[in-house]
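Working notes, beginning with the structure itself.
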There are 2 protein chains.
Amino acid sequence: MIIVGEKINTSRKSIAAAVEAQDVDFISEVAREQAEAGAHYIDVNAGTFLDKEVGYLCWLVEVVQNAVDLPLCLDSPNPKALAEAIKHHKGEPMINSISLEKERYEALLPVVTDRPCRVVALCMAETSMPNTVEERVQAGAQLINKLTNEGIPLEKIYLDPLVQPVSVDTGMGTAVLGAIQSIMNDLPGVNTICGLSNISFGLPMRSLINRNFLALCMNSGLSAAILDPTDKQLMATLLSTDMLLGRDEYCENFIEAYQSGHISGLS
Amino acid sequence: MIIVGEKINTSRKSIAAAVEAQDVDFISEVAREQAEAGAHYIDVNAGTFLDKEVGYLCWLVEVVQNAVDLPLCLDSPNPKALAEAIKHHKGEPMINSISLEKERYEALLPVVTDRPCRVVALCMAETSMPNTVEERVQAGAQLINKLTNEGIPLEKIYLDPLVQPVSVDTGMGTAVLGAIQSIMNDLPGVNTICGLSNISFGLPMRSLINRNFLALCMNSGLSAAILDPTDKQLMATLLSTDMLLGRDEYCENFIEAYQSGHISGLS
């Protein structure tokens, strides 16, 4: 399971304040705590700053890569910000995200083909959010077709089935679970990735629902997730699910995480 | 999801003491709290008493059915105890359990065919515990064949895939998950049931692992579980999984359980 640490996102108040104040220590610490908790990528997102986003995102790339020895997930709705940020990145980043939306696709294609990187690709038709399994699978297949034709290896593509609230439509959970299963079965080698928290929008006990949804997504074959690796209950779900699915020989990772205090079932 | 409340089992100290003391109030209260928490059946098991088991089990049947308006799951390794207990039961009980083991099968067959009941059937070969998916499915298919030939309707058979510790063999989780999926796909109408807690034997954070395993089993199609319905965290997992799997229209059951305090994500 590939973990993308989600905490350095300016939609969080403390991060926005630290970015504005150019607080290297604070951002470095949030990067380090995620790395220590098991993140494989650190997401950086300064999307809330709009006109200042490009500069801030580039600054975040520098600061975070000075703090931790990990690749980053460069995360922006703005292709220009991604094009600039990637220039500051050492090693092979993950780019979040490309989609079939024409303008976005054309602006990002040169960025993601210019040098080796991993690409998050959103399973949505050109302009509308997907509802069914089929819509997701179809958009995913189209993206894979286009991106592999451009020379991006299948295993560097991370399809995001786009999680939507189960409170809005009871079928939104199974639509994502079905899409993950179908994609992972039909396209061996490709990756799937998603954020979890949208699933519980509008409901009580959101962390619990998100945790449970992670377990179900993993059961369907999800290979990566954007989440908070310092959330000990969430990580307990992740590691115990890995164990229950037979991916943790001698239950070693689970027991080690328990002994080191990285997971918790209580608080 | 059919819930069999597991608490009235003399392997628990407080229950054993109450049974020995013939404490009607205590047993009635444990029955009632499970019924209020959502149990559909109340399991009664006095198996630890060996030579006194038959009398105690019959007493439990009377006491519990006086306390709650629910059918019971008569639970014993001893066919004789089940044969006696069923005589005291009003309505249609669940009998736990029959298996291919010759002596047991022959002793129980007259009991489970004498009057309408639901039958838990263990997916094990005659003498040995199952390891693989195939062993479970094969034993399950054999049992279904035999029991339906005796006139027991398919939908009254509850196959138990027999959960074994993942700490002993990393494949024990997927063996059960695969067996549930295979049985539920291939034999539409049959039920599957299991206890959860064996999965986590020998590991830390057992409740967490059991909860997560429940979610995965439900995803594979499990239709019934023997569990403690007063465990608010476990019930939170059960209800949120039902919701995420699209089985809770308008998220009504989940929200109602939250509002009434029947579920918890914290303690």
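What you are looking at is a predicted structure, and each value in this text was computed from that prediction instead of being measured.
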Can you give me the closest heavy-atom contact between Ser264(B) and Met205(A), atom names plus distance? C-CE, 3.2 Å
Chain A interface, residue from Pro204(B), Gly173(B), Ser240(B) that has the most non-hydrogen pairs under 4.5 Å: Pro204(B)
Greatest number of heavy atom pairs closer than 4.5 Å to chain A - which of Asn219(B), Thr174(B), Ile263(B): Asn219(B)
Checking heavy atoms, do the side chain of Leu245(B), its backbone, both or neither come under 4.5 Å from chain A? both
When rounded to the nearest 0.5 Å, the distance separating OG of Ser167(A) from CZ of Phe254(B) is 11.0 Å
Glu33(A), CD atom: more than 12 neighbouring heavy atoms under 6.0 Å: yes
Proximity breakdown for Asp169(B) and chain A, heavy-atom pairs closer than 4.5 Å: neither
Rounded at 0.5 Å granularity, tell me how far CZ in Arg211(B) sits from OG1 in Thr237(A). 7.5 Å
Can you check whether anything in residues 154-166 of chain B gets within less than 4.5 Å of chain A, heavy-atom wise, and list it by number? Val166(B)
Side chain, backbone, both or neither: which part of Leu203(B) has a heavy atom under 4.5 Å from chain A? side chain
Just wondering, are more than 12 heavy atoms of other shown residues or ligands nearer than 6.0 Å to CD in Glu126(B)? yes
Rounding to 0.5 Å, atoms OG1 (Thr170(A)) and CZ (Arg247(B)) come to a distance of 13.0 Å
Got Tyr258(B) and Leu208(A) here, is their nearest side-chain heavy-atom distance under 4.5 Å? no
Quick one: pull up CG in Leu216(A) and CG in Leu216(B) and give me the separation to the nearest 0.5 Å. 7.0 Å
So, taking the atom named CG in Leu244(B) and the one named CG in Leu214(A), what distance separates them when rounded to the nearest 0.5 Å? 11.0 Å
Starting at CG of Asn212(A), measure out to CE of Met243(B) and round the result to the nearest 0.5 Å. 8.5 Å
Need one label for Leu239(B): side chain, backbone, both or neither, based on atoms under 4.5 Å from any heavy atom in chain A. neither
